[in-house]
Every structure is written in C-alpha cells, then in structure tokens.
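The analysis underlying the following values was restricted to heavy atoms, covering all of them including side chains, and did not include hydrogens, waters or symmetry mates. These numbers come from a predicted model, not from an experiment.
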Amino acid sequence: MKNSFDTAGVIRFQQALLSAPQDFRALQIQRVRCDFKNFLCEHFDFNERQLRQISQLSTEFNTRMGAVIASSWGLGLPIPFRKEKRLTDEDAKDIILSTTTGNLSFTVGIWIRYRSAQADCLRSEPEYVGGNFERLWTFQRTDAY
C-alpha cells in the first residue's frame, strides 16, 4: 500500500523505513539515491497532475534530492518534511530544501509550499527547518496542483 504524499504520510513512511531491518533500509537508501523519481512513485500515492510534475523535475533536482535524502537516512535521521495544503487553484508550488551542517551534525528539511501572487510579499522562509534555504523547484500557477 502506498503512502499519502502529505506531511503525515511522509512521517509515517520515514518511521517505518528507519525502523526496518538494516539490509532493507540500505537497499531503499540506495534506490532513493539512484532513482529519486521512481522511488517517490513506488512509495507514495500521486494523482495524474502530480505524476506529470514529477516527470518534469530536472536530473539535477533528482540527483540533489536523492543524495540529500539518502545521506540523512543513512545516518538514521528522519527528514523534517512539511507540505502545505493548496489554498486556491491559482497558487504556485515551491519545493524548498533547508540544509544545516556543523562539526558533528547534518540536518535537512523539505518544505512544499503554495503561494499566490498576493501573498508572495507576506511569506517568510520556514522557521521549523532552520539553516540555509534553497528553492529547488517552482511549478507555475498553471501546474501547481
């Protein structure tokens, strides 16, 4: 059974993965690192529009996300993930990656947010993940479902 691709579904998936036997976990970490798009599609439930969006993601995006996620899971760390609910059909979608590295630590966070032209000037970057923010991908308003 596939997980819902929302905050709760991603949290449930990560809890199950990180508590799974080491050999299974290692295989999944390798799969997300090598083929991020297919990994998403195998483990999460998406509608047609979301599948089209996934197919549009660049190779660079997929490589970067796969590597960051695999690194965090390889350390046994879940990734803080938040996916907002779309407010209107007009909203654009941003995928934001937050990374923090220290002497003995590595933290990553992923935030999927929806924004309208009117609210762009009011939004701030997410406080819950901290660190360096990088908007990795934006789906324009016509694609933002």
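- Between the side chains of W73 and Q28, no donor-acceptor pair of N or O atoms lies under 3.5 Å.
- Counting only heavy atoms from C-beta outward, the side chains of S71 and R33 approach each other to under 4.5 Å.
- When all heavy atoms of A70 and V32 are compared, the pair lying nearest together is CB-CG1, 3.9 Å.
- The nearest pair of heavy atoms linking I110 to M65 is CD1-CE, 3.3 Å.
- In this structure the side chain of F36 reaches within 4.5 angstrom of the side chain of F61, judged on heavy atoms.
- For the pair R82 and I112, the minimum side-chain heavy-atom distance is 4.5 Å or more.
- Considering all non-hydrogen atoms of both residues, I79 and G109 come closest at CG2-CA, 4.1 Å.
- A ring-centre distance under 6.0 Å is found for F5 and F81.
- Nearest approach of L18 to P78, heavy atoms of both residues: CD1-N, 3.4 Å.
- R12 and Q15 form no side-chain donor-acceptor contact under 3.5 Å, judged by distance and modelled atom types alone.
- Side-chain contact between R31 and N38 is absent, with no heavy atoms from C-beta onward closer than 4.5 Å.
- Between L77 and S72, the closest side-chain pair of non-hydrogen atoms falls below 4.5 Å.
- Residues F44 and L27 fall into different hydrophobic clusters, defined by Ile, Leu, Val, Met, Phe, Trp and Tyr side chains chained together at heavy-atom separations under 4.5 Å.
- Hydrophobic clustering (ILVMFWY, side-chain heavy atoms < 4.5 Å, transitive): I11 and F46 are in distinct clusters.
- In this structure, N3 and V10 have side chains that are not in contact, with every pair of non-hydrogen atoms separated by 4.5 Å or more.
- Side-chain atoms of L97 and V68, non-hydrogen and from C-beta on, do get closer than 4.5 Å to each other.
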